[in-house]
Undergrad: 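Sending over a structure as structure tokens; questions will come in a sec.
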Amino acid sequence: MTKDTIGDILTLLRNAEMNRKRTIQIPLSNITENIVKIILRQGFIENVRKHRESNKYFLVLTLRYRRNMKGSYPIKTFFNLKRISTPGLRIYSNYTKIPKVLGGIGIVIISTSRGIMTDREARLAKIGGEIICYIW
């Protein structure tokens with residue numbers, strides 16, 4: 001039995017947003033760090049920092065929320081995640097057949113031979129790979 005770290009991270013993000021948590025901790029690995037950097041670069045989260053606690057490293061993510069007119073409570077932003085390629089079923093795509101999420105509004109995170117990148121970067125580099133998830 002293997003552990004699906006990418007699926008766990010996406011679930012942590014989804015659950016934290018549903019419960020309107022401001023910050024969450026996720027375990028640090030190279031894959032998770034690269035995925036979080038892409039999500040940060042696209043503007044879905046506010047801040048990321050590394051945290052060490054008893055010889056274990058974590059990423060502390062600050063989620064982005066909007067305030068309502070009176071500023072009393074945070075309003076959920078429209079941040080949806082969908083895991084595509086799982087450990088039981090890998091989904092690969094050529095760069096010409098990389099899907100567009102919501103007509104190009106959302107992003108697709110792809111694991112390529114040159115690292116983890118977005119669908120736009122993969123199309124520009126003309127390389128395909130494993131489709132990890134959709135974010136919109």
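The figures here come from the full heavy-atom set of this structure, side chains too, leaving out hydrogens, waters and symmetry mates. Owing to the predicted nature of the structure, the values given are computational and were not obtained by experimental measurement.
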Undergrad: Among all residues two or more places apart in sequence or in another chain, which pass the side chain to side chain contact (heavy atoms under 4.5 Å, CB included) test with I105?
TA: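 For I105 the side chain to side chain contact (heavy atoms under 4.5 Å, CB included) partners, ignoring immediate neighbours, are L102.
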Undergrad: Could you report the tightest heavy-atom contact between P99 and Y134, atom names first, then the distance?
TA: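 That closest heavy-atom pairing would be CG-OH, 3.2 Å.
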Undergrad: Does M117 share a hydrophobic cluster with Y95, counting links as ILVMFWY side-chain heavy atoms below 4.5 Å and allowing steps through other members?
TA: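 No, separate clusters.
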Undergrad: Considering all heavy atoms of both residues, which atom of L10 and which atom of C133 are nearest to each other, and what is their separation?
TA: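 Taking every non-hydrogen atom into account, CD1-CB, 3.8 Å.
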Undergrad: Go through the structure and list residues passing side chain to side chain donor-acceptor pair (under 3.5 Å) with E46, not counting sequence neighbours.
TA: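 R22.
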Undergrad: Just how far is it from atom CD1 of I135 to atom CG of L81, taken to the nearest 0.5 Å?
TA: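 The distance works out to 5.5 Å.
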Undergrad: Can you list, by chain and residue number, the hydrophobic cluster partners of V60 when the side-chain cut-off is 4.5 Å?
TA: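 None; V60 is a cluster of one.
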Undergrad: Any chance you could measure N15, atom CG, to M18, atom CE, to the nearest 0.5 Å?
TA: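 Atom-to-atom, N15:CG and M18:CE are 4.5 Å apart.
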Undergrad: Can you list the residues that meet the side chain to side chain contact (heavy atoms under 4.5 Å, CB included) rule with L124, with sequence neighbours excluded?
TA: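 Partners of L124 by the side chain to side chain contact (heavy atoms under 4.5 Å, CB included) criterion come out as none, since no residue qualifies.
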Undergrad: Assigning hydrophobic clusters by single linkage (Ile, Leu, Val, Met, Phe, Trp, Tyr; side-chain heavy-atom cutoff under 4.5 Å), is F58 placed with I26?
TA: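 Per the 4.5 Å side-chain linkage, F58 and I26 are not co-clustered.
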Undergrad: Taking salt bridge (charged side-chain N to carboxylate O under 4.0 Å, His left out) as the definition, give me every residue that meets it alongside R120, ordered by chain and number, with sequence neighbours left out.
TA: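 Scan of R120 (salt bridge (charged side-chain N to carboxylate O under 4.0 Å, His left out), adjacent residues dropped) gives none.
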Undergrad: V108 and I110: side-chain contact (heavy atoms from CB on, under 4.5 Å), yes or no, with the steps?
TA: CA-CA 6 Å; V108 179; I110 300 173; 3.9 Å; yes
Undergrad: I35: which residues meet the side chain to side chain contact (heavy atoms under 4.5 Å, CB included) condition with it, sequence neighbours left out?
TA: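 By the side chain to side chain contact (heavy atoms under 4.5 Å, CB included) rule, I35 matches I6, I31, I39, I109, I116, I132.
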Undergrad: Sorted by first residue and then second, give each salt bridge (charged side-chain N to carboxylate O under 4.0 Å, His left out) pair with at least one member in residues 49-60; sequence neighbours left out.
TA: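 Listed by first then second residue: E33-K50.
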Undergrad: Got a sec, which residues hit side chain to side chain contact (heavy atoms under 4.5 Å, CB included) with N47, two or more places apart in sequence or on another chain?
TA: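 For N47, the residues satisfying side chain to side chain contact (heavy atoms under 4.5 Å, CB included) (neighbours in sequence not counted) are T62.
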Undergrad: List the residues meeting salt bridge (charged side-chain N to carboxylate O under 4.0 Å, His left out) with R14, not counting sequence neighbours, and say none if there are none.
TA: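 In terms of salt bridge (charged side-chain N to carboxylate O under 4.0 Å, His left out), with neighbours along the sequence ignored, R14 is linked to no residue.
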Undergrad: Please name the pair of heavy atoms, one in S85 and one in I131, separated by the smallest distance, quoted to 0.1 Å.
TA: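 Heavy atoms of S85 and I131 come nearest at CB-O, 2.8 Å.
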Undergrad: Any side-chain heavy atom of Y57 sitting closer than 4.5 Å to one from P27?
TA: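 When only atoms from C-beta onward are counted, P27 and Y57 do not touch, as no gap falls below 4.5 Å.
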Undergrad: Are any of the side-chain heavy atoms of F44 and I107 separated by less than 4.5 Å?
TA: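 Yes, their side chains come closer than 4.5 Å.
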Undergrad: Is the number of heavy atoms from other residues, nucleotides or ligands under 6.0 Å of N19 CG greater than 12?
TA: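 Above 12, so yes.
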Undergrad: Among residues two or more places apart or on two chains, list those pairs meeting salt bridge (charged side-chain N to carboxylate O under 4.0 Å, His left out) that have a residue in residues 91-119.
TA: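 Counting only pairs at least two positions apart or across chains, the salt bridge (charged side-chain N to carboxylate O under 4.0 Å, His left out) contacts touching residues 91-119 are D119-R123.
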Undergrad: When rounded to the nearest 0.5 angstrom, what distance separates CG in L12 from CG in L61?
TA: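 So the gap between those two atoms works out to 9.0 Å.
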Undergrad: Taking the side chain as everything from C-beta on, heavy atoms only, tell me whether N30 gets closer than 4.5 Å to T32.
TA: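 A side-chain contact is absent here, since even the closest heavy-atom pair is not under 4.5 Å.
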Undergrad: Can you run down the salt bridge (charged side-chain N to carboxylate O under 4.0 Å, His left out) pairs that involve residues 124-136, sequence neighbours left out, and say none if there aren't any?
TA: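 Matches after skipping sequence neighbours: R90-E130.
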Undergrad: With a 4.5 Å heavy-atom cut-off, do L63 and T23 have their side chains touching?
TA: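 L63 vs T23: side chains apart.
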Undergrad: Listed by chain and number, what are the side chain to side chain donor-acceptor pair (under 3.5 Å) partners of T118, not counting sequence neighbours?
TA: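 Testing T118 for side chain to side chain donor-acceptor pair (under 3.5 Å), a comparison that skips the adjacent residues, returns none.
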Undergrad: Is there side-chain contact between R83 and D4, with heavy atoms separated by less than 4.5 Å?
TA: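 Side chain of R83 against side chain of D4, heavy atoms only: contact under 4.5 Å found.
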Undergrad: To the nearest 0.5 Å, tell me how far L59 CG sits from S29 OG.
TA: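 Rounded to the nearest 0.5 Å, the CG-OG separation comes out at 8.0 Å.
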